[in-house]
Structure formats: C-alpha cells, structure tokens
Amino acid sequence: MPHDFMPGLAGVPAARSAISDVDGQRGILEYRGIRVEDLCKKSSFLETTWLLLFGRLPSKAELDRFSNDLTHHRRIKYRIVDLIKCLPEQGHPMDALQAAVAALGMFYPGRNVKDVENNYWSAVRLIAKLPTIVAAYARLRRGDDHIPPRDDLSFCENFLYMVSDQVPDRLSAQTLDVCLILHAEHTMNASTFAGMVTASTLADPYTVVASSIGALKGPLHGGANEEVVEMLKEIGTPERVRPYLERKLKDKQKIMGFGHRVYKVKDPRATILQGLCERLFKECGTSPLYEVAVEVERISAELLAGKSVHPNVDFYSGILYDKMGIEVEFFTPIFAIARVAGWLAHWFEQLRENKLYRPDQIYEGEHNRPYVPIENR
Ligand code: ACO
C-alpha cells in the first residue's frame with residue numbers, strides 16, 4: 001500500500017481523544033469542551049486536573065477528596081531525597097526530575113495497569129510529588145536543605161514555599177496557579193505522544209511520565225521558555241530589539257517563543273500570560289524583560305508578516321517565573337508539574353482501548369549487499 005510520508009507526522013492523527021481541542025486558525029483552546037479562558041478565570045489547577053482526568057467538573061465532595069489525596073502524597077521518601085542529593089549540582093533539573101520520577105516507580109507497585117484503583121493512586125502520587133522533587137533539587141543543588149511540604153498550604157503556595165522557604169504572597173501563588181492551568185494539557189504534542197508510545201507497551205505510569213519529561217525538555221518544545229528569557233536578557237533594552245531580530249532572521253535562526261505547528265494566530269495562552277504579566281507587574285513593579293518582550297512581539301509582527309508566526313505559550317511564561325524569583329533552568333520543570341495532568345489524562349484514555357504504537361517506515365537503503373571480509377575492505 002503506498003504511504004504519504006509526513007515529516008514530523010504533521011497533520012497525521014495519532015489517536016482519537018476527548019481531552020482537549022485546539023482551533024489553530026481562531027486561537028481557541030478547550031479542555032473537555034470548556035474554553036481555557038473560562039478555566040483561568042473560574043477554576044483552579046487542581047479542579048482543572050480533575051476535569052482533564054475524569055472528563056467533567058468535579059462535585060465539591062469529589063474535589064475535596066482529590067485535593068486531600070494530593071496533599072497527603074506530597075512527601076517524597078528520604079531515599080529519593082538522597083538520590084537527588086547525589087546528582088551533580090550543575091545538571092539540568094529536567095534530568096533530575098526524569099531520574100527521580102523513574103526511581104519513584106521502583107517504590108510503588110504500578111505494574112498492573114489494568115487495576116483502575118491503583119492507577120488513580122499512581123496519578124495522585126505523580127501529580128503530588130513532582131513539585132516536591134523539583135523544589136528539592138532546586139535547594140539541594142545550591143547547598144540548602146530540602147524543605148518538606150506543608151499540608152496547610154495550597155498546591156502552588158506549597159511549591160513556592162518549598163523552593164524559597166517563604167510562604168508566597170497571594171498574587172504570586174494565584175498567578176502560578178493560572179500558569180499551571182495554561183500548561184496542563186495541549187492535545188497531541190511531542191511529550192504527550194512520547195508518553196503514549198511508552199504507555200502503549202503497558203509500561204507503568206512512572207515510566208510513561210519519565211518518557212514525557214524527556215521529550216518536554218527539548219528547546220523545540222517545553223525548553224523554549226528558558227531560551228526566551230536568555231534571549232530577552234541578551235537583547236537587554238527595547239532599542240536593541242530591531243537589530244537583534246534582523247540579524248537572527250538574516251542568519252535563518254528561529255525566534256524562541258514564536259511559532260507553533262497548530263496555531264496560525266497568537267496562542268490564546270500567550271494572551272492570558274501577557275495579561276498576568278500586566279497584573280503582576282502593576283502590583284510588584286515592572287520587569288525590564290517584559291518591556292523588551294513587548295517590543296520583540298511588535299517588531300516580529302512586522303518582520304515575520306505573512307508567515308503566521310506569533311508568540312506561543314513559552315513567550316511570556318518565563319518572564320513571570322523570573323519575577324517570582326525562580327531560576328531559569330526551573331521553568332521547564334514547572335511546565336512538567338502542570339503537564340503531568342495532561343499526560344496522565346491521555347494515559348487513562350489510552351488504557352481504555354490500547355493498541356501498541358508500531359508505525360511504519362519508508363526504507364530507502366540497499367538490498368542484497370555482499371558481506372565483505374574485514375581484510376578486503
Ligand atoms: N522564528 C522565526 N521564524 C519562524 C519561527 C520562529 N520562531 N517559527 C517558524 N518560523 C518560520 C520558519 O522559518 C518557516 O519559514 P519558511 O517557510 O520561510 O522556511 C515557517 O515559519 C514555518 O516554520 P516551521 O519550522 O516549518 O514550522 P513548524 O510547524 O515545523 O515549527 C516550531 C513549529 C518548531 C514550534 C517552530 O515555530 C519553532 O522552532 N519555534 C521556536 C521554538 C519554540 O518557541 N518552541 C515552543 C513551541 S510551543 C511548545 O512546544 C510548548
């Protein structure tokens with residue numbers, strides 16, 4: 001049967017899914033049919049996670065139970081803390097996160113993925129423990145002690161507390177919560193697909209999430225948010241934006257935080273994140289990075305006119321995290337803390353009708369070559 005080869009599988013459906021949908025022409029993103037703008041205004045990260053996992057908004061009792069379950073699974077075993085302590089301090093936090101998540105699977109029985117109850121607890125552990133692992137590595141690698149989680153703090157308050165040893169102000173915690181909603185899910189992206197390929201072999205959920213973390217790390221996916229902030233720092237001031245961008249484009253380089261396989265207009269998440277920047281900087285003083293970013297968006301619109309290349313989710317998120325005092329290398333791990341919700345929702349969905357991923361290839365090599373003995377080559 002003849003096959004059309006689509007590089008990057010662009011436009012090739014890899015699954016049927018009812019979890020999220022993107023209209024890339026109109027800039028609309030929905031989780032389980034609900035617009036992401038509505039969720040950012042009215043929901044919380046935990047409620048949105050429940051929605052993604054189970055397909056509908058939870059009742060108050062269901063949300064309370066889920067929230068309690070997550071709170072009670074925030075701690076990580078001292079052996080995981082010891083493992084994180086042994087990792088090189090100059091390593092990338094995404095590698096530390098991937099290693100710790102793979103190790104988590106060795107402590108919890110999750111091999112039988114047909115056990116729905118066990119799968120629920122695996123999901124709870126992963127969502128609850130990712131922030132603790134990320135915060136532990138952030139502190140341990142700079143020589144500070146690991147701060148165990150506090151049960152009396154919300155999900156986002158607790159994460160910021162575990163990183164900085166200070167309970168954050170309400171606005172920072174609320175802002176982070178909206179950031180997590182925006183990063184929680186995004187249809188068939190590279191990290192979700194990587195996890196689904198692993199899940200299709202019926203591997204345990206810790207291995208599935210470790211696969212997704214590996215794919216998220218790359219600069220063409222989640223890693224772009226780090227590069228955006230590095231780029232804005234390198235540019236330095238709004239006046240230097242035009243020559244910088246002209247040089248980059250002349251050298252055929254990509255502008256980080258711009259462009260998307262699906263969105264042909266500004267990513268709706270970038271619009272919401274920009275609104276969060278405006279709100280946070282009005283209360284806490286502006287960020288020089290933000291002023292440069294706004295100019296990058298303005299000049300890019302001119303230089304990339306006609307190419308449908310606009311800011312994506314990674315463009316404004318790093319500026320917010322930077323203002324919250326989070327180190328650049330921890331931006332992508334925060335993305336993972338949120339996206340684990342989507343990865344697990346796809347895992348649940350796939351297990352209901354699993355089929356091993358085993359795509360085809362177009363062989364372009366030779367056939368029937370003779371084996372030449374080494375002395376004759
Ligand atoms: N800067 C400048 N030009 C761009 C950019 C960009 N960021 N993105 C795309 N273009 C241009 C390309 O040069 C190309 O132009 P051409 O047709 O004249 O050659 C055209 O737009 C199409 O670009 P492709 O790279 O073919 O589009 P693709 O769908 O494969 O790429 C991608 C999408 C990988 C995200 C790309 O836009 C990119 O590399 N962006 C920068 C990295 C980034 O921000 N990644 C985060 C994406 S969001 C996420 O994963 C969470």
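Ligands are counted one by one from 1 in listed order, and the atoms in each one are counted from 1 as well.
When only non-hydrogen protein atoms are considered, atom 12 (C) of ligand 1 lies nearest to K254 CE, 3.9 Å. The protein non-hydrogen atom at the shortest distance from atom 35 (C) of ligand 1 is G259 O, 3.8 Å. At the shortest separation from atom 14 (C) of ligand 1 among protein heavy atoms lies K307 NZ, 4.4 Å.
Distance remark: protein heavy atom present below 4.0 angstrom from atom 49 (C) of ligand 1. Within a 4.0 Å radius of atom 23 (O) of ligand 1, the protein contributes no heavy atom. Closer than 4.0 Å to atom 1 (N) of ligand 1 lies at least one heavy atom of the protein.
Counting heavy atoms closer than 4.0 Å to ligand 1, residue F335 contributes side-chain atoms (C-beta onward) but none from N, CA, C or O. Contacts of H260 with ligand 1, taken as heavy-atom pairs under 4.0 Å, involve both backbone and side chain. Proximity of N189 to ligand 1, defined as any heavy-atom pair under 4.0 Å, is not found for any part of the residue. Contacts with ligand 1 closer than 4.0 Å are made by side-chain heavy atoms of V309 only, the backbone lying farther away.
With salt bridges taken as basic N to acidic carboxylate O contacts below 4.0 Å, none links K42 and E37. Look at E230 and K233 and you find no salt bridge, because none of the NZ, NE, NH1 or NH2 atoms lies under 4.0 Å from a carboxylate O. A salt bridge is defined here as a Lys NZ or Arg NE, NH1 or NH2 lying under 4.0 Å from an Asp or Glu carboxylate O, and R79 with D82 fails to meet this definition.
For I255, a nitrogen or oxygen atom sits less than 3.5 Å from a nitrogen or oxygen atom of ligand 1, counting backbone and side chain alike. Taking any N or O of A224, backbone or side chain, none lies under 3.5 Å from an N or O belonging to ligand 1. Geometrically, ligand 1 and D314 share no nitrogen or oxygen pair separated by less than 3.5 Å.
With ligand atoms numbered from 1 in the order given, ligand 1 contributes 51 (C) to contacts under 4.0 Å with heavy atoms of V313. Each of the following atoms of ligand 1 lies closer than 4.0 Å to a heavy atom of L220: 39 (O), 45 (N), 46 (C), 47 (C), 50 (O). Atoms of ligand 1 lying under 4.0 Å from at least one heavy atom of G257, given by number and element, are 43 (C), 44 (O).
Within a 6.0 Å sphere centred on CD of Q253, heavy atoms belonging to other residues, nucleotides or ligands number more than 12. Residue-environment remark: CG (N376) exceeds the threshold of 12 foreign heavy atoms within 6.0 Å. Dense packing is recorded around CD of E375, with more than 12 heavy atoms of other residues, nucleotides or ligands lying under 6.0 Å away. Residue D145 places its CG atom among 12 or fewer non-hydrogen atoms of other residues, nucleotides or ligands, all under 6.0 Å distant.
Using cut-offs of 30° and 60° on the angle between ring planes, the pair F66 and Y120 is tilted. Between F335 and H183, the ring planes lie perpendicular to each other; the angle is over 60°, past the 30° to 60° tilted range.
Side-chain contact check for Q274 versus K266: some heavy-atom pair is nearer than 4.5 Å.
When H186, H221, R261 are checked for heavy-atom proximity to atom 28 (P) of ligand 1, R261 turns out nearest.
Scanning both residues, R269 and D267, for their nearest heavy atoms gives NH2-OD2, 2.7 Å.
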